[in-house]
Structure formats: C-alpha cells, structure tokens
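To keep things clear, I will list the structure first and then write my remarks on it.
Proteins come first, then strands; the chains are lettered A, B, ... in the order of their sequence lines, and each starts at number 1. Treat the numbers as computed from the prediction; the structure is a model and nothing was measured. Worth knowing before you read on, the calculation uses all heavy atoms, side chains too, and leaves out hydrogens, waters and symmetry mates.
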Number of protein chains: 2
Amino acid sequence: MTKPRPELTGQAEDYLKAIYELERGDAPAGTNALAERLGIAAASVSGMLQRLARLGLVKTERYRGSRLTEPGRAVALQLIRRHRIIESYLVTRLGFAWDDVHHEAEQLEHAASPELIERMAKVLGNPTADPHGAPIPTAEGRVDERRFESIAALEPGAGARVARMSDRDPKLLRYLAGRGIRPGARIRIEAKEPFDGPIVLTVGRERQTLAPGAAANVWVEPDASVSAAAPKSRARGGTPKRRASGNSR
Amino acid sequence: MTKPRPELTGQAEDYLKAIYELERGDAPAGTNALAERLGIAAASVSGMLQRLARLGLVKTERYRGSRLTEPGRAVALQLIRRHRIIESYLVTRLGFAWDDVHHEAEQLEHAASPELIERMAKVLGNPTADPHGAPIPTAEGRVDERRFESIAALEPGAGARVARMSDRDPKLLRYLAGRGIRPGARIRIEAKEPFDGPIVLTVGRERQTLAPGAAANVWVEPDASVSAAAPKSRARGGTPKRRASGNSR
DNA sequence: CTTATATTTTAGTACATACTAACTTTTTGG
DNA sequence: CCAAAAAGTTAGTATGTACTAAAATATAAG
C-alpha cells in the first residue's frame, strides 16, 4: 500500500475529500456540486478532475460526474482521519470551541504528518468520533459509514439520540449548542409545522424550536424505546445513559 | 499596522524567513545563499525576490542582495515565532524527539493560525526559547537578538554554557545529543587541533571530541568564571562571518 | 587596470491552479 | 418529442512558482 504517489497538493486532496462527501452510493459527485462545495468555478473543477483522473484517483464519466477510485478513496479517508483527529485534539487539549475548530483543522490537515496524527490520536486514546459526532476513519482506512436520519425527517412523537451534525458552519453549531443539541443528546419531536416549517422538540427537559435549515444538518439515531408510542406527556424514567463515542464535554 | 496584506503563500513566507536568517547587520542576504538554503535555483530566487519587493516586503539592490523591510521583518518574525512554539509544543506535549521536530514544524508553521499559536504558547507557559535554545519572538515581534560565539571559536581552557544550536539537521542534533551537548550544558575546551581539526572538550564531567563541522553549529555563552584559568586570552573577537558548514540532508 | 571567476539577473518554458466566456450535452417540463 | 434550462466542458488567459541556458554585473587575482 501507499506507493510513493507524486505528492498531491493540498487543493487536490480537498477535491478528493469533497468527492467522497458528495458521492452517494451509485450516484457520482456532480461538477457543479463540487464547485459549490469548494468555492471554485465549475470550469476549474472540470480541469482538476481531469488531472485527478490522469493520476488514477477519480473516474470521470463525461458530462455525468466523478467518483473516487480505490486509491482516491484511500487518500480522502486519510485526509478525513487527519481532519477529525485534529478537531478532537484542538477541542480537548487546546480549549478550542467546538464550533470554531473546523477552519483550523482544514488548514492543518494538509500539513500534519502521519506521525503527528498518530501521536495526537494516541494521547486522545484513539477516539472513534470527533466533537461533532463524525466517525474517525482508522489509520488503515476503515470507517463507520452508517447513515443516520436527519432530524427533519422525524415525525412528531419520535424520540432519538443525536448522532452527529455538520461541522462546516460555526453559526449553525452555535445555534445548535444554544439549544443543547450535541452528539449524544436525547431528543423527542413534539410538533412539526408543514412545508418545512420549524420543528418543536424536547432536548433533555427543555422545549426548543428548531429552524428547518438547522434540522437538516443534524442526524439522529432513532430511539425505539421512546418513539414506540406518542403519549403526549409521560414521566421520564430510567433512560439508559449510553454514550458510545469518546467525544468531549 | 498589520494591514490586510494579500495573504502570502507559504513559499513566500519561507523566503522572508531565510532572508532574516541570512542577513547580518548591514550585509544583505545573497541570492545564491538564499537559493542554497531554500533548495531552489538561484534564478528562481531572483524572480521571487522581485515579487517580494513589489509587495514591499524586501528591498533588493540589483546584483548585490536583499534585505527585509520592516513589514517583511515582521512577517519573518511571526513565522519564526510559530516555528519555535510548534517545535516546543511537539517536543513537550506530544513526545517528539527534539532532533526530529524541525521538518514537522516547517510544515505546520504555514498552516497554524495565530489563535492556535497563542493557545500552544499559553499551555507551555509562554516559553522564551525552543528546545534547541533559539529565542522565541513575542507576539508583538520582539526577539532577543544576542549573537553567541560558536564553539569552534573558543580557545583551549575556555569554559562556556551551551546557548543554542542549529535545528536544521537531525543527524547533527543526534550527534550532539550523544555527547551531552544541549542548551544549558556546561563545557570546557581542553584541546583544539589546528586547521579546523577536532575539538576536545569536557561536557559536564565527560570528555568528548567534537568534529569541527558540528562545533560550527553550536553557539555558546562564554563563562568567565571558568575561562579565567586559560592562559591564552582573546580580546573581543570573532564575528560569525564564517559559513563553513554545508549542513542539511 | 584588466581579465578570470563568482554572483546575479533575464529570457524562455513548464505546471498547478484559478478565472470568464462560449460551447456542448443532458435533463426536464410542456 | 422537443425546446428551454441545467449541467458540464473547452478555449483562452492569468498568477505563483519552479526550471535551464545565456547574458550581465561584480569581485578577486594578477
């Protein structure tokens, strides 16, 4: 493994990561979607994709989109591993706010050596999820790829555990944090306006309202024990405290 | 100050740092010297220097060399601050070997935000020197610019305290570490072969021999209380004009 | 002072990465 | 099924950073 690849630049790595995040099963990542995610003109993306294809890191179907090859996927996963370990480290060892760490990690992930990453992982006790609940790929490139449901998809009465949320928008994260919504939090949908209106839910004991744009970026693990029935009020008792991942706070 | 400079790339920053390290008082940094230090062809350096001059970061005298402007110096000092804090952090908090951190720091220094640097500095207790004894500039850009004497310049009988050493060559650092030579160590010159021959000295209680190429990269603070015993006197000498050592790889 | 050598710059080129404008292909909605 | 919209590509250009080869200038040696 890890043949002496002609050292990609940071930008090229970013493309691979973006493709990884945008391709969904069979559907390849669209050029425009990539362009928007990367903040780059679509034409420029086309060019770079050709280069990456030449390097054997992506497969491009003309006019249809791109997907990663196995080597490309390996590069993307390593980059994601670096990103998430750095985020975890910055939050737990250097006191960064969890809503503020994404940008810093985006810069460092291209500069950090494998040795640095493994040392950070070690002092953190080899965490399996970052502060936003995102799973951390292993050094060998294995990752938990479970897909969770968006909060926006839950129906009133449903209970769930917050699994993860997007880390890309500090404002969103502060908004969520202000409402107690963080990985591991237990929630219950109380009401839902039609036509993408706000969602009313209980977080812990507090009742909160959540804008749909925010709800779309929070993913949950449905919790059968709560969602079974929708009794409007009910004594909270003996919920098992289950915190799978070693994330902070 | 700190006007919104058009975000330098990492390479440009490296040039400024190299100029800072190569200019000596009035003498500007030579293009060839820069090229060698940066591992880049001299012609390329000429080109970059013109760009840096356009940006107001260096002053170039055609065919004579370059020196930093005040803004250029400020950029260089911030980069050096980042480098040295990162080195200190990696060694003390992440268990890196002190002879192995230079390369890692070279990469990270361009990616680390001011906030990260200040947080690292804080957990380290705002150190004033890095693991190799190099002074760390303050966030405001002040730095201890004392020049020390090279070990190679000491005469037999002279005693001294090791102040600092080059961090650029891991092999050199391991060589020195193997002989107990590190910042703070007390030494005493016992004998010195003529014509740049090896130097015999006492480090702590141990007697060691030091190759001249290594000695040239170790700087000391002469210790009058020990050197008093020496028969040979030296009257304020040695400007470190000599660049005999071709270090690295 | 004059020439040989060392140093530095210019000229011409290449590559990675970005852009805008114009064109091509695919998808969609009537 | 076809025209308009959406998506994607090509063409031509710019910038930063590198290179080699050749020319210009400075310095050192006689």
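Every salt bridge (charged side-chain N to carboxylate O under 4.0 Å, His left out) that Lys192(A) has, sequence neighbours left out, goes to Glu155(A). Partners of Ala12(B) under the side chain to side chain contact (heavy atoms under 4.5 Å, CB included) rule, at least two apart in sequence or in another chain, are Leu8(B), Thr9(B), Met48(B), Arg51(B), Leu52(B). Taking Trp98(B) as the reference, His132(B) meet the ring pair (Phe, Tyr, Trp, His ring centres under 6.0 Å) condition, with sequence neighbours excluded. With sequence neighbours left out, the ring pair (Phe, Tyr, Trp, His ring centres under 6.0 Å) criterion links His110(B) to no other residue. Considering only residues two or more places apart in sequence or on other chains, Ala216(A) meets the side chain to side chain contact (heavy atoms under 4.5 Å, CB included) condition with none of them. Every residue was checked against the salt bridge (charged side-chain N to carboxylate O under 4.0 Å, His left out) condition with Glu149(A), not counting sequence neighbours, and none meets it.
The list of ring pair (Phe, Tyr, Trp, His ring centres under 6.0 Å) pairs with a residue in residues 30-68 of chain B, not counting sequence neighbours, is empty. Applying the side-chain hydrogen bond (donor to acceptor under 3.5 Å, both in side chains) rule to pairs touching residues 67-79 of chain B yields Arg73(B)-Glu145(B), sequence neighbours excluded.
A rotation axis mapping the C1' atoms of four pairs onto the next four is fitted at both ends of the helix from dC1(C)-dG30(D) to dG30(C)-dC1(D) over five pairs, and the angle between these axes is 0° to 10 degrees.
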Run the side-chain donor-acceptor check on residues 114-122 of chain A: report pairs under 3.5 Å with partners two or more places apart or on a different chain.
unit_1	atom_1	unit_2	atom_2	d
Glu115(A)	OE2	Arg119(A)	NE	3.1
Glu115(A)	OE2	Arg119(A)	NH2	3.0
Glu118(A)	OE1	Arg81(A)	NH2	2.6
Glu118(A)	OE2	Arg81(A)	NE	3.3
Glu118(A)	OE2	Arg81(A)	NH2	3.3
Arg119(A)	NH1	Leu94(B)	O	3.0
Arg119(A)	NH1	Gly95(B)	O	2.9

Assign a letter to each nucleotide of nucleotides 5-20 of chain C from its 5' end: B, base within under 4.0 Å of a protein heavy atom; S, sugar-phosphate only; -, no contact.
-> --SBBB-----SSSBB
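Looking at Asp167(A) and His83(A), their side chains do bring a donor and an acceptor atom within 3.5 Å of each other.
Contact footprint of chain A on DNA chain D: nucleotides with an atom under 4.0 Å from a non-hydrogen protein atom, first to last in 5' to 3' order, dA7(D) to dT10(D).
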